[in-house]
Amino acid sequence: MAEKKNLFSGIQPSGDFTIGNYYGAIKNWVKIQYDYNCYFCIVDLHALTVPQDAAALRRRTMECYAMLIASGLSLEETTLFVQSHVPAHSELMWLLNCFTYMGELSRMTQYKDKSVKQGENVRAALFDYPVLMAADILLYQTHLVPVGDDQKQHIELTRDIATRFNHLYSPTFEIPEGYYPKTGARIMSLQEPTSKMSKSDTNENAFISLKDAPDTIVRKLKRAVTDSEAAVHYDEKNKPGISNLIQIYASACDMDIENAQREVEGLSYADFKLRVAEAIIENLKPIQAEYARLMSDKAVLEEYMKVGADKAERTAVKTLRKVQKKVGLVPRGR
Ligand code: ATP
Ligand code: LTN
């Protein structure tokens, strides 16, 4: 049997996971976990590129880790770990910084978008964010990186850095490819349906968290922005709110948009919203039960994290040592 390809993806503990993260990424990870040699990483160091409350970041890192397991990622099949637990990520990042150009980083659109929101004091780490991401990916000789379209530019940069290094020295890194699942839904904000649902949104009504109780989900859907036409049909341009709810319904029921629309057309907006809420609640019920079970024993969760970090580190260190040697660092004696 051919060896499985390596796959890496990361997710920031910058807020509670939303149904956008779930339908757009996590659900797909669960599906593909048996087909590849998968590494899934809670990227806590990336979350620090914008201000974070220390206690909240600590709590959310534990919660996000538990939520990935509760969503169906297997600890046996995948390597599930926290970025800061494997120091090789920061170490390789420094070395890659020595092979990355300012011009390349200043072209990144995510940096331009995120830095505007930070006002006067933009952290240097926000500018350097893509180099840490490149280190994440390259440490594991990754073939495939499942991410949303918004990360395409970062994947291209990773490929450029890896190719440059391989040419300057000798083949060291696998050149990774972005993996953009066609079925991956893009879920929009419930309050501003023309922008993406985001876990770090300051308006709690804009997203549905995987932790939300059924009555909260119903309430948030009731408040979801729609239009005055009172007809449930898919039209992204003129009816972004309703189209987003149809998309959510389709994702929750594992249907395509056409079939989802057929099921709900003719309903009043109020009934339609209730139907969407019920479908989400049904999806989240088993996940929330498993999440509660996992969170009831932090010591076990910490043990899982340690096993994941040890497993990741064994691979990561091999790549890091090669790079250190090639660039001319003297090995530390044993
Ligand atoms: P933040 O608010 O901190 O920017 P985010 O909610 O946008 O976070 P990320 O951590 O940037 O999420 O992304 C994690 C994964 O979830 C990525 O693969 C991304 O493509 C996916 N994702 C995030 N938001 C959505 C969404 N609204 N719809 C579909 N997929 C999403
Ligand atoms: N930048 C990504 C998160 C991320 C990532 C990674 C994704 C950090 N490191 C490595 C894939 C591979 C995001 O914001 N979605």
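The structure displayed is predicted, hence computed values, not measured ones. Order of appearance sets the numbers: ligands from 1, and atoms from 1 within every ligand.
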Could you tell me the residue and atom name of the protein heavy atom closest to [atom], and the distance to it rounded to 0.1 Å?
| atom | result |
| --- | --- |
| atom 1 (P) of ligand 1 | Ser200 OG, 3.5 Å |
| atom 31 (C) of ligand 1 | Gly20 O, 3.5 Å |
| atom 29 (C) of ligand 1 | Ala185 O, 3.0 Å |
| atom 27 (N) of ligand 1 | Ile187 O, 2.6 Å |
| atom 3 (O) of ligand 1 | Ser14 OG, 2.5 Å |
| atom 18 (O) of ligand 1 | Ala25 CB, 3.7 Å |

Sub-3.5 Å N/O-N/O distance, [X] and ligand 1:
| X | result |
| --- | --- |
| Gly148 | yes |
| Met188 | no |
| Gly10 | no |
| Lys196 | yes |
| Trp29 | no |

With the threshold set at 4.0 Å, does a side-chain nitrogen-carboxylate oxygen contact exist between [X] and [Y]?
| X | Y | result |
| --- | --- | --- |
| Glu282 | Lys285 | yes |
| Asp212 | Lys220 | yes |
| Glu104 | Arg164 | yes |

Out of [options], indicate the one that has the non-hydrogen atom closest to [atom].
| atom | options | result |
| --- | --- | --- |
| atom 9 (P) of ligand 1 | Gln151, Lys199, Gln110, Lys114 | Lys199 |
| atom 11 (O) of ligand 1 | Gln247, Arg186, Gln12 | Gln12 |
| atom 22 (N) of ligand 1 | Asp150, Asn244, Asn21 | Asn21 |

Per-atom contacts, ligand 1 versus Ile11 - under 4.0 Å to a heavy atom: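 Numbered from 1, ligand 1 contributes 10 (O), 14 (C).
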
Salt bridge (charged side-chain N to carboxylate O under 4.0 Å, His left out) partners of Glu63, counting only residues at least two apart: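 Residues passing salt bridge (charged side-chain N to carboxylate O under 4.0 Å, His left out) with Glu63: Arg59, Lys211.
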
Do the side chains of Asn238 and Asp227 get nearer than 4.5 Å, heavy atoms only?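 In short, these two side chains do not touch, never coming nearer than 4.5 Å.
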
What are the two closest non-hydrogen atoms of Asn205 and Arg219, and how far apart are they?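 Answer, listing the atom of Asn205 first, then Arg219: OD1-NH1, 4.0 Å.
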
Side-chain donor-acceptor distances from residues 42-56 under 3.5 Å, at least two apart:
residue : atom : partner : partner atom : Å
Asp44   : OD1  : Ser84   : N            : 3.0
Asp44   : OD2  : Ser84   : OG           : 2.5
His46   : ND1  : Gln83   : NE2          : 3.3
His46   : NE2  : Tyr129  : O            : 3.2
His46   : NE2  : Met133  : N            : 3.4
Thr49   : OG1  : His46   : O            : 2.6
Gln52   : OE1  : Arg60   : NH2          : 2.9
Gln52   : NE2  : Ala47   : O            : 2.9
Asp53   : OD2  : Ala55   : N            : 3.4
Asp53   : OD2  : Ala56   : N            : 3.0

Would Lys326 and Ser170 satisfy side-chain hydrogen bond (donor to acceptor under 3.5 Å, both in side chains), going step by step from the backbone distance to the final call? CA-CA 8 Å; Lys326 291 191 190 198; Ser170 56; 2.8 Å; yes

Residues around ligand 2, heavy atom under 4.0 Å from any ligand atom, sorted by chain and number. Can you pull those?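 These residues qualify: Phe8, Ser9, Gly10, Gln12, Val43, His46, Tyr129, Met133, Asp136, Ile137, Val145, Val147, Gln151.
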
Test side-chain hydrogen bond (donor to acceptor under 3.5 Å, both in side chains) on Gln110 and Gln151 and set out the steps. CA-CA 8 Å; Gln110 185 177 304; Gln151 298 298 312; 2.9 Å; yes

Aromatic ring centroids of His154 and Tyr111 under 6.0 Å?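 No, they do not, as the ring centres are separated by 6.0 Å or more.
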
When you measure from the centre of the six-membered ring of Tyr234, is the NZ or CZ of Lys239 under 6.0 Å away and within 45° of the axis?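 Checked: cation-pi criterion not met.
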
Under 3.5 Å, is there a donor on one side chain and an acceptor on the other for Ser74 and Gln33?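 Judged by distance alone, the side chains do not pair up.
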
Can you sort out the partners of Tyr39 under ring pair (Phe, Tyr, Trp, His ring centres under 6.0 Å), two or more places apart, ordered by chain and number?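 For Tyr39 the ring pair (Phe, Tyr, Trp, His ring centres under 6.0 Å) partners, ignoring immediate neighbours, are Tyr140.
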
